[in-house]
Asker: 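Structure incoming, see below.
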Amino acid sequence: MNNDLYHDQIIKWSKKTDNNKRLENPDCSATVSNPLCGDRVTIEVEIEGDVIKDMSCQIKGCMLCRASGSILAKLAGGMKYSELKNMALDLEQALKSQTDNPESFPETYRMFYPVKKHRSRHSCVLLPFEGVIKSVSGLHGIGDK
Amino acid sequence: MNNDLYHDQIIKWSKKTDNNKRLENPDCSATVSNPLCGDRVTIEVEIEGDVIKDMSCQIKGCMLCRASGSILAKLAGGMKYSELKNMALDLEQALKSQTDNPESFPETYRMFYPVKKHRSRHSCVLLPFEGVIKSVSGLHGIGDK
Amino acid sequence: MAFDSGLAAVDFSILRTPGKEGELHYLDNAAMALTPDCVINAMVEHDTLRRSNVKRGLHRLAEEATEAFEEARAAVAGYLGIKDPDEVVFTGGATAGINILAHSLGLMFERNDEVLISQLEHHSNIIPWQVIQQRQGIKVRYLPITSDGRINLECAEEMIRSRTKIVSVTHGSNVTGAITDTRNLSDLVHDKGAFLILDGAQTAPGGPMELNVLGADFYVFSGHKVYGPTGVGVLWGRKEILKNISPAIGGGEMIRDVGLEKSTFLDPPHRFEAGTPPVTQAIGLAAAVKWLAGKDLNGMHSHLRRLTLRIMEGLTELSGGIKILGPETGMERLPLVSFSVDGLHPHDICQVMNDRHGVALRGGFHCAQPLHDLLEVDGSTRASLAIYNNDKDVDAFLNGMEDCLKILG
Amino acid sequence: MAFDSGLAAVDFSILRTPGKEGELHYLDNAAMALTPDCVINAMVEHDTLRRSNVKRGLHRLAEEATEAFEEARAAVAGYLGIKDPDEVVFTGGATAGINILAHSLGLMFERNDEVLISQLEHHSNIIPWQVIQQRQGIKVRYLPITSDGRINLECAEEMIRSRTKIVSVTHGSNVTGAITDTRNLSDLVHDKGAFLILDGAQTAPGGPMELNVLGADFYVFSGHKVYGPTGVGVLWGRKEILKNISPAIGGGEMIRDVGLEKSTFLDPPHRFEAGTPPVTQAIGLAAAVKWLAGKDLNGMHSHLRRLTLRIMEGLTELSGGIKILGPETGMERLPLVSFSVDGLHPHDICQVMNDRHGVALRGGFHCAQPLHDLLEVDGSTRASLAIYNNDKDVDAFLNGMEDCLKILG
Ligand SMILES: Cc1ncc(COP(=O)(O)O)c(C=O)c1O
Ligand SMILES: Cc1ncc(COP(=O)(O)O)c(C=O)c1O
């Protein structure tokens, strides 16, 4: 029996709570949910031009979703929104692709490689990204680039 | 391959048309049909007390139904209605019973023994009886005996 | 090289092992086709290795079952020639598919809206609309048919009007064998902003399709007529339309959020798959369409056309008031032939053909009573062909019919 | 002698041949039970010997298929303890059965009529009524539940009133395991001239029944939860009521006479079986209930009661904020236990239980979102038992839960 899906790193990240704090002056926010498993993610973003300044991520959901959200919230500060969108695409592709190659995952998300073979759980990992994209794409002039 | 369902007697009776004539003064009449195969039987009966005087039987249907109707129309004249009802019951029971015994059929209906194993066709043989019963049971004082 | 129906027949246990009653000439394929061993095996394999409920489970069996079920959906999408498997809804059969559509689209109808069907329809494509008519005061109207049993499409332009919301017609008739030409029809329907539903129960068995070319918005068929299992069927619909329809048939696995007053629904296809779907049967159906797609289909079609022609010409040569329904020889038709015989009841013909000749036919109204009323025949007898039928079956049929006329006539 | 679950387990290929992943502790039976080989074999035999459409054919295969199908109906009637097989309607599943009822009875509703369900219901017994509510302006009301997850029947007397036409409740909850006491309920319902529908999806697997004793007018269940095939279910109704309901789901094989304006319907059960029924699956279902009826059912029930108790007591002993939903130990309940764990998501529990312990559970809302909202839990994890489960499965479950709390807590 294998233990790889919930390995130490995932567990550690899933328990981080520092990005749960709400932002004082978010430029945008959004809530997304996954009806199949009841996960719900609320994202707040501070953004200047194309650059994300700060982000919070409140998650009612499973460990995969919480771990993914914690990493994203940590990473996002200082990142370009376009980069984040590309990372989301890369991650989705890596999860869904037919070939089994951990290298295809964005480096900071390589710990999610074991999720690959559990199709029904891909959406848990992707949900925080969806939240950011939904949130920012509501802002005029950025989202529709 | 066996030939027994449509044997000579059945064919002969199915082609008799002498009872297709309409009665001049029927006491009662009824039309019944079998939605599963589209057979339709119209019965007219002249009856005095419990005794059937004359009967006509017009059939749009398959050979089994026509043969059954011809025999019934021939037999019925002079028969007590209660006897006819009993014969209908006997015939139905003989068709449906689990045991394979031609003797269980009313004598005049023994030619229908091969129908026994074709469950979906029992109703073709029984339909003319249904017609008589529906017709006579409409008459006050007889049908509800 | 000529098509060898024997190469298909060997795939069927039921044909390899004739019963004690002798050879079986199965010509009742339009009612239900036989099913090849690979379909049966696919279902046995599923039930013995991956049996579980689908869509939500996280354990191994549930994940494997869900994967197999979604692969089945993709296989059916492939068969239909459409890109997005999410346009494929698994149902209980063609009838279930039309009922889902009628009841769900019905929620959007207003009084005096019209549904246009045809006089050629199977009861499955009549009764559901009559139910909506009775319930909601909409109007069901009927495209007339030609004397050779095709939908009279010349009337379509006039009959489709702004109140027409749905045009729902058979893609191929189970009685006359006529195939509906959808090209102009689709344009006429869409010009008026209506939707076109095709009942593909009899055309789906013809092999892989290009549904988009047909110009339909919805297409339904049954598993058991495409060599697949009973208990399963398919409703295909364009995604952008399916997304905007509220499902009238509700249950588990199709909702997003359930409140006491109101609920919201998942995206298609799930919103139309209320309750536990026919999992094992969907997998069997996928095996069936993959099996069929692997055959020489051009060969099959010309083989079946030839056999159909033999039946029609053979019947014409028999004396005794035989009337063939549907398009005459030479015109396009499905590989089936329905006919009436003056003075003979279809059930008598079927019984003699079975008892004396081992030929399985179907007789009656074939669930198309309005059509028979119009053609003024009291039921008909139908011989319908499938990939495994051969000249011996046709010989047995024609000899049998000659015998029938002798005995019963 | 104690009940030996191993004697049941040997009937299942899927249990005899554990995958490479090691032993399987299948505790997801409330979602779908496994199916014994005799059921699979019955279907294979049918498809390879008697495959044909039913109800109207006159050839050998059609007669044999019809006979087999009607024998299946009789077998199910026997299982339900009712005399007349014509009260048994084959459907696609429990959900399909409730939809047939809701839509058909819906045709008779008047504005402001009421349907009373409960807060304990599966979505299958909520959504169809909400659809009718939205369409026809009837009102769906909810019997409240007790804090231990039973329907609060004390409110029934007050809530069932003259406008109430239907009371439709679960006979056994798939979440709390509570079993509905129908004796008084039935009287209350009938006193007001309403009908009582029982959702038997979770009670049907308990073995042969005496439906008449329950006092219900309708009862639905699914094949796949009684060790039978997917794609089939049963709707039972009292003949004199069924006879007076117009079917809302229409198609072939259920009509008496089809006119262009209006049609008339066959007697029950056929009027509710629109289209080709799930023939092979009905035969599989009959094999399943016959197989189950042949087991030591008293033995099974006390065995499952004991295992259920072990699960409940085992969970109570674990530290870590575990809350068991439903009746407390000692009270009657179905052999299933749902629970929530503070701070742990059910999907995480299910995943770890599967990956590390080979235990198959189900987590989430179990298609009963209103119930979870009321119990104020964000989903639950469920272990549900069947005839083949044993102490080893419970051991694996309890060990696994301890591990889960350690890893995830
Ligand atoms: C109580 C209850 N009712 C109804 C259903 C629906 O059954 P199905 O999905 O087989 O239609 C289920 C099963 O999920 C259930 O547990
Ligand atoms: C043209 C047509 N439509 C619909 C149906 C209904 O299919 P099913 O009975 O499988 O639902 C049939 C088959 O009988 C058919 O031939």
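Just so it is clear: chains get the letters A, B, ... in the order the sequence lines come, proteins before strands, and each one is counted from 1. On a predicted model such as this, the values are computed, not experimentally measured, just so you know.
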Asker: If you count heavy-atom pairs under 4.5 Å with chain C, which of D:G233, D:G223, D:A248 comes out on top?
Answerer: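 The answer is D:A248.
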
Asker: Which atoms of D:R50 come close to chain C, meaning under 4.5 Å heavy atom to heavy atom: side chain ones, backbone ones, both, or neither?
Answerer: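 For D:R50, the contact with chain C is made by the backbone alone.
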
Asker: With a 4.5 angstrom heavy-atom cut-off, which part of D:V54 approaches chain C: side chain, backbone, both or neither?
Answerer: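 Just its backbone gets close to chain C.
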
Asker: Roughly how far apart are D:E261 CD and C:K139 NZ, rounded to 0.5 Å?
Answerer: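 Taking CD in D:E261 and NZ in C:K139, the distance rounds to 4.0 Å.
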
Asker: Among residues 95-104 of chain D, which ones touch chain C with a heavy-atom distance under 4.5 Å?
Answerer: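 Within residues 95-104 of chain D, near chain C: D:T95, D:N99, D:H103.
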
Asker: Between CG of D:D47 and CD1 of C:I40, what distance do you get to the nearest 0.5 Å?
Answerer: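 It comes to 4.5 Å.
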
Asker: Would you mind checking which part of D:M353 comes under 4.5 Å of any heavy atom in chain C, side chain (CB onward), backbone (N, CA, C, O), both or neither?
Answerer: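 Nothing of D:M353, per the 4.5 Å heavy-atom cut-off to chain C.
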
Asker: On a heavy-atom basis, which atom in C:I255 and which in D:Q369 lie closest, and how many Å separate them?
Answerer: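 So the minimum-distance heavy-atom pair works out to CD1-OE1, 4.4 Å.
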
Asker: Using 0.5 Å steps for rounding, measure from the CG atom of C:L107 to the CZ atom of D:R135.
Answerer: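 If we round to the nearest 0.5 Å, C:L107:CG and D:R135:CZ are 6.5 Å apart.
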
Asker: In terms of heavy-atom pairs under 4.5 Å with chain D, which of C:A274, C:G363, C:G93, C:A65 leads?
Answerer: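 With the most close heavy-atom pairs to chain D, the winner is C:A274.
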
Asker: Does D:Y26 have any ring-ring contact (aromatic ring centres under 6.0 Å, His included) partners at least two apart in sequence or in another chain, and if so, which?
Answerer: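 ring-ring contact (aromatic ring centres under 6.0 Å, His included) check on D:Y26 returns C:H59.
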
Asker: Does anything in residues 121-133 of chain D get under 4.5 Å of chain C by heavy atoms, and if so which residues?
Answerer: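 The list, in residue order, reads D:H122, D:H123, D:S124, D:I126, D:I127, D:P128, D:Q130, D:V131, D:Q133.
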
Asker: Count the heavy-atom pairs under 4.5 Å between each of C:L58, C:N29, C:V258, C:T35 and chain D, then report the option with the highest count.
Answerer: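 That would be C:V258.
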
Asker: So which heavy atom on D:R362 is nearest to which on C:A62, and how close?
Answerer: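 Shortest heavy-atom contact: NH2-CB, 3.8 Å.
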
Asker: With sequence neighbours excluded, tell me which residues meet side-chain contact (heavy atoms from CB on, under 4.5 Å) with C:P346.
Answerer: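 Per chain and number, C:P346 pairs via side-chain contact (heavy atoms from CB on, under 4.5 Å) with C:T381.
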
Asker: Quick check: closest heavy atoms across C:G231 and D:P278, and the distance to 0.1 Å?
Answerer: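 Shortest heavy-atom contact: CA-CB, 3.8 Å.
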
Asker: Picking from D:T280, D:V39, D:I249, which has the most non-hydrogen pairs under 4.5 angstrom with chain C?
Answerer: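 Top count of heavy-atom pairs under 4.5 Å with chain C: D:I249.
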
Asker: Could you go through the side-chain contact (heavy atoms from CB on, under 4.5 Å) check for C:N53 and D:H224 one step at a time?
Answerer: CA-CA 9 Å; C:N53 216 320; D:H224 65 86; 3.9 Å; yes

Asker: Among C:V359, C:L361, C:D257, which residue has the highest count of heavy-atom pairs closer than 4.5 Å to chain D?
Answerer: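 Looking at each of C:V359, C:L361, C:D257 in turn, C:D257 comes out on top.
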
Asker: Where on D:V232 is there a heavy atom nearer than 4.5 Å to chain C: the side chain, the backbone, both, or neither?
Answerer: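 For D:V232, there is no contact with chain C at all, as no heavy atom is under 4.5 Å.
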
Asker: Counting heavy-atom pairs under 4.5 Å to chain C, which of D:F12, D:Y142, D:F265 comes out on top?
Answerer: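 Answer, by heavy-atom pair count under 4.5 Å with chain C: D:Y142.
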
Asker: D:V140, D:D373, D:V279: which one forms the most heavy-atom pairs within less than 4.5 Å of chain C?
Answerer: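 Max contact count across the listed options: D:V279.
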
Asker: So for D:T48, is it side chain, backbone, both, or neither that comes closer than 4.5 Å to the heavy atoms of chain C?
Answerer: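 Both parts, backbone and side chain.
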
Asker: Quick one: CG on D:L260 to CD1 on C:I117, what's the gap to the nearest 0.5 Å?
Answerer: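 One finds 8.0 Å between CG of D:L260 and CD1 of C:I117.
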
Asker: If you measure from CG on D:D28 to CG on C:L61, what distance do you get to the nearest 0.5 Å?
Answerer: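 Rounded to the nearest 0.5 Å, the CG-CG separation comes out at 9.0 Å.
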
Asker: Which heavy atom of D:I14 sits nearest a heavy atom of C:L49, and at what distance?
Answerer: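 Smallest interatomic distance, heavy atoms only, reads CD1-C, 3.9 Å.
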
Asker: On a heavy-atom basis, which atom in D:R51 and which in C:T230 lie closest, and how many Å separate them?
Answerer: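 Scanning both residues completely, I find the closest heavy atoms to be NH1-N, 4.1 Å.
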
Asker: Starting at CD of C:Q134, measure out to OG of D:S263 and round the result to the nearest 0.5 Å.
Answerer: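 Result: 9.5 Å between the selected atoms.
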
